[in-house]
Amino acid sequence: MVIAGSIIGANLLNIEEILKLTSESGIDWIHLDVMDGNFVPNLTLGLDFLRKIRNSTNLPIDLHLMVSKPEDFVNYSLYCDMIDFHIETTNFPFRLIDSFKSVNSSIKVGVAVNPVTDISFIQFLEGFIDNVLIMTVEPGFAGQKFVPNILPKIEKVKNIVSNWSKKPFISVDGGINSENLKLVLEKGANFVVCASYLYQDYSQIKQKVLYLKEIAKNF
Ligand code: DX5
Ligand code: ZN
């Protein structure tokens with residue numbers, strides 16, 4: 001299991017301390033949420049801030065675009081290792097994936113889906129995606145409650161990709177904590193994004209990461 005720390009859940013005034021604690025904590029990836037105030041009713045980081053984070057950490061960066069026009073954010077792929085766009089924001093996923101790769105040929109690309117979006121479309125993306133990011137809350141804010149109705153969708157993704165030669169990550173994002181981790185791992189998630197659970201009180205981050213990894217040992 002990969003743990004991605006979503007630092008938007010932390011007090012960003014302490015960003016240097018947060019990045020330091022994150023890299024010492026055993027977290028595998030940093031997850032960064034980009035919100036445009038349009039696709040979601042919230043606004044987060046821009047390209048300059050992303051570049052500074054890129055230069056301040058050796059951890060791989062998973063960039064989650066929650067923006068209405070992902071084609072305007074293609075340059076963001078220069079400063080991350082994986083970029084996830086929402087399927088609800090484009091009718092042209094192949095073209096979009098190509099444009100990320102034309103800026104950064106080694107970029108991994110993920111497709112994110114809102115809780116009520118059906119997942120069957122991913123059958124058409126075999127060989128083109130490295131991550132399927134299943135939202136387990138509606139996108140826009142950290143600190144929301146995990147929606148258990150989404151659990152069957154994780155299994156559906158696992159079944160669709162089971163015969164793919166290049167398997168994407170199966171990620172879950174939203175309300176993940178030590179209580180529901182087992183539920184998502186049971187269904188087939190192998191990449192978990194956590195903000196509030198890890199960062200609301202990040203003085204305990206190392207212990208929390210260890211605890212999550214302990215739970216994951218049985219899967
Ligand atoms: C929600 C974001 C998530 C968020 C997770 O719109 O995509 O990455 O930071 O926060 P928690 O873990 O608090 O639900
Ligand atoms: Zn996210």
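Quick caveat: nothing in here was measured; it's all calculated off a predicted structure. One-based numbering, in listed order, for ligands and for the atoms of each.
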Pairwise ring pair (Phe, Tyr, Trp, His ring centres under 6.0 Å) hits with a residue in residues 148-170, at least two apart
Phe169-Phe191
State plainly whether the residues Lys101 and Asp98 are in salt-bridge range, i.e. N to O under 4.0 Å.
no
salt_bridge(Lys158, Glu155) N-O dist < 4.0 Å
no
Give yes or no for whether the N/O distance cutoff of 3.5 Å, strictly under, is met between Cys194 and ligand 1.
no
Check this for me: does any side-chain nitrogen of one of Arg54 and Asp81 sit under 4.0 Å from a carboxylate oxygen of the other?
yes
Under 4.0 Å between a side-chain nitrogen and a carboxylate oxygen: does that hold for Lys208 and Asp201?
no
Under a single-linkage definition using a 4.5 Å side-chain heavy-atom cutoff for Ile, Leu, Val, Met, Phe, Trp and Tyr, are Val116 and Val111 assigned to the same hydrophobic cluster?
no
Exceeds 12 heavy-atom contacts within 6.0 angstrom, atom CD of Gln200
no
Polar contact flag, side-chain donor to acceptor under 3.5 angstrom, Glu88-Thr117:
yes
Specify side chain, backbone, both or neither for Tyr197, according to which of its non-hydrogen atoms lie closer than 4.0 Å to ligand 1.
neither
So does Lys20 pair up with Glu16, basic N to acidic O under 4.0 Å?
no
Could you list which atoms of ligand 1 come closer than 4.0 Å to a heavy atom of His31?
8 (O)
Under 4.0 Å from a heavy atom of His64: which atoms of ligand 1 are those, numbered in the order shown and with their elements?
7 (O)
May I ask you to check whether Gly143 has an N/O atom sitting below 3.5 Å from an N/O atom of ligand 1?
yes
Run the numbers for me: atoms of ligand 1, each under 4.0 Å from some heavy atom of Gly174, listed by number.
14 (O)
Could you please give the number of protein N/O/S atoms within less than 2.8 Å of the Zn ion (ligand 2)?
4
Location of contacts on Ser6 toward ligand 1, heavy atoms closer than 4.0 Å:
side chain
Please write down residue, atom name and distance for the protein heavy atom closest to atom 1 (C) of ligand 1.
Phe141 O, 3.5 Å
Numbering as shown, the atoms of ligand 1 that approach Ile8 to under 4.0 Å (heavy-atom distance)
9 (O)
Check this for me - ligand 1, Gln144, N or O atoms closer than 3.5 angstrom, yes or no?
no
Does Gly175 have a non-hydrogen atom less than 4.0 Å from ligand 1?
yes
Kindly say whether Gly174 contributes a backbone atom to a donor-acceptor pair with the side chain of Thr136 at under 3.5 angstrom?
yes
Tyr199 and Ile205: which non-hydrogen atoms are nearest, and at how many Å?
CE2-CD1, 3.5 Å
Can you confirm, on distance only, whether ligand 1 has an N/O atom lying under 3.5 Å from any N/O atom belonging to Glu138?
no
In the protein, which heavy atom is nearest to atom 10 (O) of ligand 1, and how far is it?
Ala195 CB, 3.1 Å
Which residue and atom name correspond to the protein heavy atom nearest atom 13 (O) of ligand 1, and how close is it?
Ser196 OG, 2.5 Å
Looking at ligand 1, does Met66 have a heavy atom less than 4.0 Å from it?
yes
Tell me whether Asp33 has any N or O atom under 3.5 angstrom from an N or O of ligand 1.
yes
Could you check whether Lys108 pairs with Asp62 (Lys NZ or Arg NE/NH1/NH2 to Asp/Glu carboxylate O, under 4.0 Å)?
no
Other residues, nucleotides, ligands: >12 heavy atoms within 6.0 Å of Glu138 CD
no
Phe124 ring center near Phe121 ring center (under 6.0 Å):
no
Which word best sums up how the rings of His86 and Phe39 line up, parallel for under 30°, tilted for 30 to 60°, or perpendicular for over 60°?
tilted
How far is atom 3 (C) of ligand 1 from its nearest protein heavy atom, and which residue and atom name does that atom have?
Asp173 OD1, 3.0 Å
Return yes or no for this condition: an N or O of Gly140 is under 3.5 Å from an N or O of ligand 1.
yes
